[in-house]
Amino acid sequence: MEKFIKHTGTAVPLRRSNVDTDQIIPAVYLKRVTRSGFEDGLFSAWRNDPQFVLNKAEYKAGTILVAGVDFGTGSSREHAVWALQNYGFKAVISSRFADIFRGNSLKGGLLTVIIEQSDVEALWAAIEANPATSVSVDLETRTVSYNNVVLPFAIDDYTRWRLMEGLDDIGLTFKNADSIDSFEKSRTTLKPATLPIRG
Amino acid sequence: MGKTLAEKIWAEHIVRAADGEPDLLYIDLHLIHEVTSPQAFDGLRLAGRTVRRPELTIATEDHNVPTLNIDKPIADPVSKLQVDTLRANCAEFGVRIHSLGDKDQGVVHVVGPQLGLTQPGMTIVCGDSHTSTHGAFGALAFGIGTSEVEHVLATQTLPLARPKTMAINVEGSLKTGVTSKDIILAIIAKIGTGGGQGYVIEYRGSAIRALSMESRMTVCNMSIEAGARAGLIAPDQTTFDYIKGKPHAPEDFDAAVKYWSTLYTDSDAQFDVEVNLNADDLEPFVTWGTNPGQGASLSSNVPNPADITDPEARGAAERALVYMGLEAGTPLKKIAIDTVFLGSCTNGRIEDLRAAAEVVKGKKIASTLRMLVVPGSARVRLEAEAEGLDKVFIDAGAEWRNAGCSMCLGMNPDQLAVGERSASTSNRNFEGRQGKGGRTHLVSPLVAAATALRGTLSSPADL
């Protein structure tokens, strides 16, 4: 996974709450067996509308999505993260994310940043006033900054470290293979197994 | 201080805990389907890894499969490739699979319980957010993304931050015609789609204890629609009786019951949050909007967004009414429906089919709509056919299909057309969920059946 330390770019204001993962990428796009090429499905139901924010020329180059509350609710599809990344987004800012979406994004290196809703509103206003506003998301200092505004955000130390080092979870878990072996030795025999097939 | 049920199960599965790190949790059962697994198997191959515990893993085909002509090759080549990829991956890595045509093929969350693989005290994961269904057995069960699917395949563990705990106490007794679907829709309307975020919910109280296993599954299934990754119910005699006799029920059943009987929230345990709901007051509940929290009693009217004080919720309601093509103030019972869908991991089990069949028996569905009846699994279909339920539905004018996710999500051939309106026993009324431009009202199987007969949203009491 690519390291994430700091990203600076322009931002896209998505003034909608409760954007579920079916809106981020509808199910019909989930038939592929690869991790790439999902950008064409991103927000596909809204992309036909010329007034939709991603269709506006001034936001075409945006790499930071600033979304309403409860972004990423619903389905566990990681394709939602891939679609945002394939399109070019490096970070999403919101006042609240759904748990599974946030977990998926932080596993895959798409930084999800939580700030207060009033700060989201102010950021929307700033971007809309000047779409070229430079916005930085800095994992080192745990801040979002634009114009003269600096907003701290919280992220747990472990996730921050893993993202800044670009480490994947499976590799880290394999370092603790001994713990898994010993857990399995003491595991109760009452638990079911799928094999051999019964009944 | 005592522990909650969720905390007990969590503690029993900690492989490794270290300060400042997520806990490494052991996973007892990993369910797999065609949509969220191909990239995970690819990852294993790329890294030269194997599936650590194939005997704790099981696959089926559900999201992307047709419910008609299942003896023929899948017509859509992209869908076919995805299903073929699952079959090839399972063969390569030694994972048990139930494919189209097999009696244990079906919606993954119907398959686990019917095989007796879902048991109390387990940790269960699947690359599907409705994995919370299995919590009905007193298991800690939650949906995961594809990166996590790969992690579980490779290590049989997951690194996870400890969740907070929420108790939802439902006391009282349900009136005739009110079901567990109405309970969970009312809960989501009360706490909102984000209300459960960061929590594991434990459903408690006399109304929950009185529910059958399959009704409990309906409640736990929709925990994620309230934002909670997992929801569970303490196991009791109802649970034990349901598991007994299932193919993978424990051989030493008494020993298992002894262990399962330790799985409850201690009387001195503290939940981080408690929510109360009175079952006596509940009525059949339906959604009017585009998220599962936008619901109301069937006897009420489409709400007026102007009456909503929270600006976010007001804006969301305004947008929802536009999308749904509804006028504020319209009685919900006046809303005409084009398609009734009975099925899904929420309400596609035998009890659901029986309840709906009882309503439509000897009657005809309205000529203005179509009704799809899709059993949750091939085994449910066979059981229903043995009871003659297929004939009841067919005689009423409904379509009797093969098992799959079907119209719950617009991924397979069963979809709504643009502007078409459904009464659906599934779990999500998101924009376009059942097909681009489709409009969804979430309902119970009883409301689905009564609606099919009357043509407008209705409960059996309206017949």
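Naming: A, B, ... by sequence-line order, numbering from 1 per chain. Quick caveat, the model's predicted, so the values are computed rather than measured.
Ranked by non-hydrogen atom pairs under 4.5 Å with chain B, the options G74(A), A45(A), A98(A) are led by G74(A). The candidate with the highest count of non-hydrogen atom pairs below 4.5 Å against chain B, out of V28(A), D99(A), D157(A), T189(A), is D99(A). In terms of heavy-atom pairs under 4.5 Å with chain A, the best-connected choice from P54(B), P38(B), G143(B), S147(B) is S147(B). Of the listed residues (N176(A), V33(A), T173(A), L190(A)), the greatest number of heavy-atom pairs within a distance under 4.5 Å of chain B belongs to V33(A). The residue among G198(B), A47(B), G116(B) with the most heavy atom pairs within less than 4.5 Å of chain A is G198(B). Annotation: maximal heavy-atom pairing with chain A below 4.5 Å, among R229(B), R428(B), Q119(B), E21(B), occurs at R428(B). When the candidates D156(A), T34(A), L172(A) are compared by the number of heavy-atom contacts under 4.5 Å with chain B, T34(A) comes out ahead. For the set E225(B), H63(B), Q156(B), R319(B), the count of heavy-atom pairs under 4.5 angstrom toward chain A peaks at R319(B). Between chain B and the options G103(A), S17(A), A27(A), G171(A), the largest number of non-hydrogen pairs under 4.5 Å is found for A27(A). Here S79(B) is the residue among S79(B), A316(B), G432(B) with the most heavy-atom pairs under 4.5 Å with chain A. Taking T131(B), L409(B), N64(B) one by one and counting their heavy-atom pairs under 4.5 Å with chain A, the maximum is reached by N64(B).
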Verdict with supporting geometry, Q39(B) and H79(A), side-chain contact (heavy atoms from CB on, under 4.5 Å)
CA-CA 10 Å; Q39(B) 298 86 352; H79(A) 310 67; 4.0 Å; yes
Working for side-chain contact (heavy atoms from CB on, under 4.5 Å), residues Q197(B) and F97(A)
CA-CA 8 Å; Q197(B) 244 158 58; F97(A) 292 96; 5.7 Å; no
Test E55(B) against T194(A) for side-chain hydrogen bond (donor to acceptor under 3.5 Å, both in side chains), laying out the working first.
CA-CA 5 Å; E55(B) 78 279 22; T194(A) 59; over 6 Å; no
Under the salt bridge (Lys or Arg N to Asp or Glu O under 4.0 Å) rule, what do R53(B) and E184(A) come out as? Steps first, then yes or no, please.
CA-CA 11 Å; R53(B) 300 294 300 270; E184(A) 284 181 333; 2.9 Å; yes
With side-chain contact (heavy atoms from CB on, under 4.5 Å) as the criterion, how do K246(B) and R198(A) come out once you've worked through the C-alpha distance, each side chain's angles and the decisive distance to 0.1 Å?
CA-CA 9 Å; K246(B) 295 274 189 290; R198(A) 289 208 242 147; over 6 Å; no
Please assess D70(A) against T193(B) for the test side-chain contact (heavy atoms from CB on, under 4.5 Å), listing each intermediate value before the final yes or no.
CA-CA 8 Å; D70(A) 288 331; T193(B) 56; 4.0 Å; yes
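Using a 4.5 Å cut-off between heavy atoms, A161(B) makes no contact with chain A at all. Looking at I14(B), only its backbone comes within 4.5 Å of chain A, counting heavy atoms on both sides. Heavy-atom distances place no part of H130(B) under 4.5 Å from chain A, backbone and side chain included. Heavy atoms closer than 4.5 Å to chain B are found nowhere in D178(A), neither backbone nor side chain. Contact annotation for N104(A): only side-chain heavy atoms (C-beta onward) come within less than 4.5 Å of a heavy atom of chain B. Interface residue T155(B): backbone and side-chain heavy atoms are both found under 4.5 Å from chain A. With a 4.5 angstrom heavy-atom cutoff, I197(A) touches chain B via backbone and side-chain atoms both. Contact annotation for I224(B): only side-chain heavy atoms (C-beta onward) come within less than 4.5 Å of a heavy atom of chain A. Only the side chain of Y259(B) comes within contact range of chain A, with at least one heavy atom under 4.5 Å from a heavy atom of that chain. Looking at D76(B), only its side chain comes within 4.5 Å of chain A, counting heavy atoms on both sides. Of the two parts of T146(B), the backbone and the side chain both hold a non-hydrogen atom closer than 4.5 Å to a non-hydrogen atom of chain A. The contact between L24(B) and chain A is made entirely by side chain atoms (from C-beta outward), counting heavy-atom distances below 4.5 Å. Contacts of S75(A) with chain B are made by both backbone and side-chain atoms, with heavy-atom separations under 4.5 Å. With a threshold of 4.5 angstrom between heavy atoms, R32(A) approaches chain B through N, CA, C or O but not through any side-chain atom. Looking at T57(B), only its backbone comes within 4.5 Å of chain A, counting heavy atoms on both sides. Interface remark: R16(B) contributes side-chain atoms only to the contact with chain A (heavy atom separation under 4.5 Å). The contact between K103(B) and chain A is made entirely by side chain atoms (from C-beta outward), counting heavy-atom distances below 4.5 Å. When heavy atoms are compared at a cutoff of 4.5 Å, Y158(A) approaches chain B by way of both its backbone and its side chain. Looking at D169(A), both its backbone and its side chain come within 4.5 Å of chain B, counting heavy atoms on both sides. With a 4.5 Å cut-off on non-hydrogen atoms, D28(B) touches chain A through its backbone and its side chain both. Looking at W161(A), neither its backbone nor its side chain comes within 4.5 Å of chain B, counting heavy atoms on both sides. Both the backbone and the side chain of E150(B) come within contact range of chain A, with heavy atoms under 4.5 Å apart.
Open room surrounds NZ on K80(B); 12 or fewer heavy atoms of other groups in view lie less than 6.0 Å from it. Enclosure of atom NZ in K258(B) is not indicated, since only 12 or fewer non-hydrogen atoms of other residues, nucleotides or ligands lie within 6.0 angstrom. A 6.0 Å sphere centred on NZ of K6(A) holds no more than 12 heavy atoms belonging to other residues, nucleotides or ligands. Around CD of E58(A), the count of heavy atoms belonging to other residues, nucleotides or ligands within 6.0 Å exceeds 12.
Under the 3.5 Å distance criterion, the side-chain polar atoms of Q82(B) are matched with a main-chain donor or acceptor of L30(A). The backbone N or O of M411(B) sits less than 3.5 Å from a side-chain atom of K31(A), completing a donor-acceptor pair. Looking at Q23(A), its side chain does come within 3.5 Å of a backbone N or O of E431(B) through a donor-acceptor pair.
Judged purely by distance below 3.5 Å, without hydrogens or angles, the side chains of N291(B) and T73(A) never pair a donor atom with an acceptor atom.
Summarising the geometry, atom OH belonging to Y26(B) is positioned 10.0 Å from atom OG belonging to S186(A); distances are rounded to the nearest 0.5 Å. One finds the CD1 atom of I24(A) at 10.0 Å from the CZ atom of F430(B) (value rounded to the nearest 0.5 Å).
Within the 4.5 Å cutoff, the side chain of Q117(A) has heavy atoms near those of the E312(B) side chain. With a 4.5 Å cut-off on side-chain heavy atoms, M122(B) and P192(A) count as touching.
Nearest heavy atoms, S44(A) versus K436(B): O-NZ, 4.4 Å.
For R433(B) and D22(A), the salt-bridge test passes: some basic side-chain N is under 4.0 Å from an acidic carboxylate O.
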